[in-house]
There are 2 protein chains.
Amino acid sequence: MSTGPTDARPLQVRLADDIRIQIENGQLKPGDRLPTLDELAAAHMVSLAVVRKAIDLLKQQGLVVSQQGKGNFVRERPSARRHGIERYAKSRWRSGKAILTAEAEAQGHTAGQMMRELAEVPAPKIVAERLGISEGTPVWVRRRTTHVDGRPNQLADSYYELPVVEGTLIREENTGPGGGYARLEDAGHELDEISEEWRVRMPTGPESVALALPAGTPVVDLTRTTYDVSGRAVEVMLAVISGDMVQMAYRFKIPD
Amino acid sequence: MSTGPTDARPLQVRLADDIRIQIENGQLKPGDRLPTLDELAAAHMVSLAVVRKAIDLLKQQGLVVSQQGKGNFVRERPSARRHGIERYAKSRWRSGKAILTAEAEAQGHTAGQMMRELAEVPAPKIVAERLGISEGTPVWVRRRTTHVDGRPNQLADSYYELPVVEGTLIREENTGPGGGYARLEDAGHELDEISEEWRVRMPTGPESVALALPAGTPVVDLTRTTYDVSGRAVEVMLAVISGDMVQMAYRFKIPD
DNA sequence: GAGTGGTCTAGACCACAAA
DNA sequence: TTGTGGTCTAGACCACTCT
């Protein structure tokens, strides 16, 4: 180990740091298998439990993933898709492509989605605030899980006021060419502005399962509100996005 | 426990989920102390090690924090500061307030910063790309740790081309009224646009220490590039931001 | 079947906090 | 001094992968 006997840090931390440094300086490359737990225990003269704890720490840092029966591996970073505001360009969905697929294809990925729920529900507080209605008012929700390159990457729930989606394909599973935005325009809402608010946190247990997140992967909580030219909020989307597959980009003029 | 004997999930997971649900539905409130490890072990008839592992899972989810000698507590979420593009408003720094303090004060917080390094260094790749220079070209860097309400919240490193900061207060610890942006304008660079790129990840060990991050707290990796009216990149800032103290907001017109 | 990681137990000893 | 969480050990048994 790189540290002397006077090092007061716990064994597990020292071991984890040793391995982390080997990963950071390239001695261990993404995809490489680490020595087995037994080998690490023997090599560092510590118990198996200490080795396990050290590996746990690295998993929490998102540097290592385990595969039962195979070994521990230096994590390979999935190529993050870049999300810029250009993904909302009207020309895209007016030409019949849904935002999700248009953006993925533009970056050489494949995308798809699975509907989880299509229903009338009471508006949650955060949605009601943004739509300018009372909490609990019935609204229409589309809950879907989106996939990129076969991996789930986002749990996205879109909420609409009932009169807005009345008689539109937004109430159906398949929204037709151009997706929900195109249907909102068909219904007379010329779209104008988007507000995006982000927070970051760790996933809950169920979210980890639904998004197949490796340990040590945070999620981005996104609230997106879409406004039409009259300033009315016509859609609120709440999304939980796998943190390791996302990169956001914004460019704007410095305000006066 | 809320689950039956046929539940195949590991004990530690079931225990963690039980506690998580109690937190989510308000039976356990932020700041509340959990039962001691011994009590949980006795109540659920499992070994101490299982209880520890369950608590570990909750810590990884950012729901629980431990205090040695005191107990385990439901985590209190620090009030996240909201970061919108209005924080860059010219009127703010032209009136002599630094961005950091102006934004914090506007939201009822106190802010400060500590200089970690002020030096000439070779440009890292990510900086060089954005400044449009070759990797390794000498650049000026200001590394500082910013604090909000007494807690470190950000490791921020700003890079500048040498000619840009030549003879300015940007090379000094105290940049004077209005901060770095004001000095760039004094030097003839009228600022125009900002590009912000974010990723999210778990902190490394040293970052956890520097930002005093509780377990289960992700960080936001921000790259901010500032352009003057001629389109030249005059500053690149790389920041590592404590994920639990930040909320980002952007509002923009839908592009054509 | 052999190898490897995951779960679980029982128990010793240390570090920190509060009374 | 007592209570509480943190570190560490030794070992049993299970689940998954590969040959």
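Bear in mind that the values here come from a model prediction, so they are computed numbers and not experimental data.
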So which nucleotide from [options] ends up closest to the side chain of [X]?
X: A/N72; options: D/dT7, C/dG5, C/dC8; answer: C/dG5
X: B/P10; options: D/dG5, D/dT7, C/dC8; answer: C/dC8
X: A/Q68; options: C/dG6, C/dA10, C/dC16; answer: C/dG6

Can you see if the side chain of [X] gets near the phosphate of [N] - specifically, an N or O under 4.0 Å from OP1 or OP2?
X: A/S66; N: C/dG6; value: yes
X: B/R33; N: D/dT4; value: yes
X: B/Q67; N: C/dC16; value: no
X: B/K59; N: D/dG6; value: yes
X: A/K70; N: D/dC18; value: yes

Aromatic ring pairing B/Y250/A/Y250, orientation class (parallel under 30°, perpendicular over 60°, tilted between): parallel

Side-chain donor/acceptor of A/R52 to base of C/dG5, under 3.5 Å: no

Please state how far atom [atom1] in [X] lies from atom [atom2] in [N], giving the value in whole angstrom units.
X: A/M45; N: D/dT7; atom1: CE; atom2: C1'; value: 18 Å
X: B/Q12; N: C/dC8; atom1: CD; atom2: C1'; value: 8 Å
X: A/L34; N: C/dG3; atom1: CG; atom2: P; value: 20 Å
X: A/I55; N: C/dG6; atom1: CD1; atom2: P; value: 9 Å
X: A/L40; N: C/dG3; atom1: CG; atom2: C1'; value: 15 Å
X: A/R14; N: D/dC8; atom1: CZ; atom2: C1'; value: 12 Å
X: A/L48; N: D/dC8; atom1: CG; atom2: C1'; value: 12 Å
X: B/L37; N: C/dC14; atom1: CG; atom2: P; value: 19 Å

Qualifying residue, where the test is side-chain contact (heavy atoms from CB on, under 4.5 Å) with B/V127 and the options are B/V141, B/D157, B/L238: B/L238

First of A/G69 and B/G71 reached from the 5' end of DNA chain D, by closest nucleotide: B/G71

Residue met sooner reading DNA chain D from 5', once B/T36 and A/K53 are mapped to nucleotides: B/T36

Side-chain H-bond candidate by donor/acceptor type, B/D38 with B/T36, under 3.5 Å: no

Side-chain donor-acceptor pair present, B/R199, B/T223, cut-off under 3.5 Å: no

Closest contact, heavy atoms only, A/N153 versus A/L211: C-CD2, 3.8 Å

